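Accompanying notes for the structure given below.
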Amino acid sequence: MVITRVLIAIAMEAEASPFVTHVGLQADPTFFPPQTPFNAFRGKYNSCELTVITNGKDTIHNTNVDNVGTVPAAVATFLALQKLNSTSEDADLLINAGTCGGFSRKGAAIGDVFLTTAVANHDRRIAIPDFIPYGIGRIESHSVENLAAHLDAKLGVCTTGNSLDFHELDSHHMLQNDASVKDMEAAAIAWSAEMFGTPHFGVKVVTDIVDGDKPSHEEFLENLGTAAKRLQEALPKVIDFVCDKTHDEL
């Protein structure tokens with residue numbers, strides 16, 4: 001099957017806006033149920049129909065910050081795939097795009113672009129034997145070795161958790177996950193994609209070094225704008241490469 005319809009899930013407005021503007025997508029206020037805070041932007045880019053979704057802003061706690069984390073990411077992705085399925089516009093491919101922390105031990109540096117080989121959780125610790133694999137929740141990404149070579153991007157596992165920082169137990173599980181990068185949504189987005197059988201992978205730009213000497217939140221805020229621009233540069237190249245190819249060609 002040739003890829004012509006792509007869904008791109010991006011958590012934060014600051015991560016998505018440069019790309020949405022660059023490719024000229026238009027907001028679709030009717031895409032999501034009105035009870036939700038999620039946003040959708042749609043349009044055609046070259047030969048592909050694109051839908052970009054973001055998690056919107058928090059209204060439950062009245063903070064107006066971005067809805068980061070696994071819960072909004074899973075719900076937004078599920079609803080988007082369900083909507084596209086209901087209108088016979090099923091997504092041929094799901095791309096989770098965004099920023100991430102990187103591990104210097106895996107060769108990550110600020111501004112690096114990583115494509116995911118798999119995702120897993122590092123903070124779902126359920127010490128009951130039958131539940132351990134579920135808690136880790138490892139899901140393989142669609143193989144994109146040709147795309148990585150085309151972009152000169154790095155490949156690696158993305159580990160997901162609901163905190164920006166981490167403690168020793170998280171660090172132990174991130175090491176067990178063989179993580180190259182760390183985020184707050186990838187495993188949840190992949191979980192929703194699996195329910196629809198939609199091929200998926202992540203495009204992640206490094207904002208901070210997890211195993212470095214700077215506090216993650218300071219380095220993240222310092223480099224978010226630069227990483228968003230780097231994502232804007234990388235994503236059109238990703239779309240140009242994947243559109244009109246079969247999944248096996250990626």
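Computed over heavy atoms, backbone and side chain alike; hydrogens, waters and symmetry mates excluded. Remember, it's a predicted structure, so these values are computed and weren't measured experimentally.
- When the options V119, N96, L94, V238 are evaluated for a side chain to side chain contact (heavy atoms under 4.5 Å, CB included) with F201, the one that passes is V238.
- Residues T99 and T207 have side chains that never bring a donor and an acceptor to within less than 3.5 angstrom of each other.
- D123 places no side-chain N or O within 3.5 Å of a backbone atom of S163 that could act as its donor or acceptor partner.
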Between F196 and F78, does the ring pair (Phe, Tyr, Trp, His ring centres under 6.0 Å) criterion hold? Intermediate values first, please. CA-CA 8 Å; F196 287 87; F78 181 89; 5.1 Å; yes
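- Residues L155 and F114 are not in side-chain contact: their nearest non-hydrogen atoms beyond the backbone lie 4.5 Å or more apart.
- F103 is not listed as a side-chain neighbour of V181, based on a closest heavy-atom distance of 4.5 Å or more.
- By the rule that hydrophobic residues join a cluster once side-chain heavy atoms approach within less than 4.5 Å of another member, V75 and V68 end up as members of separate clusters.
- Under the 2.5 Å cut-off for SG-SG separation, C243 and C48 qualify: their sulfur atoms lie closer than that.
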Apply side chain to side chain contact (heavy atoms under 4.5 Å, CB included) to residues Q26 and F41 and explain how you reach the verdict. CA-CA 5 Å; Q26 299 298 313; F41 305 88; over 6 Å; no
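- The existence of a salt bridge linking D112 and K204 is excluded, since no basic side-chain nitrogen approaches an acidic carboxylate oxygen closer than 4.0 Å.
- Tracing side-chain contacts under 4.5 Å through hydrophobic residues (I, L, V, M, F, W, Y), one never reaches I95 starting from L84; they form parts of separate clusters.
- In summary, the side chains of S88 and D90 do not present any donor paired with an acceptor at a separation below 3.5 Å, with no hydrogens or angles considered.
- With hydrogens and angles disregarded, no donor-acceptor distance shorter than 3.5 Å links the side chain of T54 to the backbone of A11.
- Tracing side-chain contacts under 4.5 Å through hydrophobic residues (I, L, V, M, F, W, Y), one reaches F19 starting from L115; they form part of the same cluster.
- Distance alone, capped at 3.5 Å, places no donor-acceptor pair between the S192 side chain and the I189 backbone.
- Within a 6.0 Å radius of CD in E140, other residues, nucleotides and ligands contribute more than 12 heavy atoms.
- Taking the centre of each ring, H142 and H200 stay at or above the 6.0 Å mark.
- Taking Ile, Leu, Val, Met, Phe, Trp and Tyr as hydrophobic and joining them when side-chain heavy atoms fall under 4.5 Å apart, one finds I128 in a cluster with I126, F131, Y134.
- Listed for the D58 side chain is a donor-acceptor partner under 3.5 Å among the backbone atoms of T63.
- Ion pairing between a basic and an acidic side chain is recognised when a charged N comes within 4.0 Å of a carboxylate O; E89 and R42 show such pairing.
- Hydrophobic side-chain contacts under 4.5 Å tie I132 into a cluster, directly or through other members, with I136.
- The backbone N or O of T70 sits less than 3.5 Å from a side-chain atom of N162, completing a donor-acceptor pair.
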Stepwise side chain to side chain contact (heavy atoms under 4.5 Å, CB included) test for V113 and K154: CA-CA 6 Å; V113 176; K154 297 177 179 179; over 6 Å; no
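- Proximity of L231 to V203: side-chain heavy atoms (C-beta onward) are separated by under 4.5 Å at one or more points.
- Annotation: the span from L7 atom CG to L50 atom CG amounts to 9.5 Å, rounded to 0.5 Å.
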If you apply the rule side chain to side chain donor-acceptor pair (under 3.5 Å), what do you find for N121 with T160, and how did you get there? CA-CA 5 Å; N121 298 284; T160 296; 5.2 Å; no
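- Proximity of Q82 to L79: side-chain heavy atoms (C-beta onward) are separated by under 4.5 Å at one or more points.
- A distance-only check finds no donor-acceptor pair linking the side chain of E194 to the backbone of W191 [under 3.5 Å].
- Distance alone, capped at 3.5 Å, places no donor-acceptor pair between the R5 side chain and the E49 backbone.
- Between the side chain of T36 and the main chain of F32, no donor-acceptor pair closer than 3.5 Å is present.
- Other residues, nucleotides and ligands contribute more than 12 heavy atoms inside 6.0 Å of the NZ atom of K57.
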Candidate pair D240 and N46, rule side chain to side chain donor-acceptor pair (under 3.5 Å), full reasoning: CA-CA 8 Å; D240 285 340; N46 293 339; 2.8 Å; yes
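- In this structure, K237 fails the cation-pi test against F241, since its NZ or CZ atom is not both closer than 6.0 Å to the six-membered ring centre and inside 45 degrees of the ring normal.
- Listed for the D66 side chain is no donor-acceptor partner under 3.5 Å among the backbone atoms of M12.
- Side chains of D92 and T4: a donor on one and an acceptor on the other come within 3.5 Å.
- A donor-acceptor contact closer than 3.5 angstrom is absent between the side chains of H122 and Q176.
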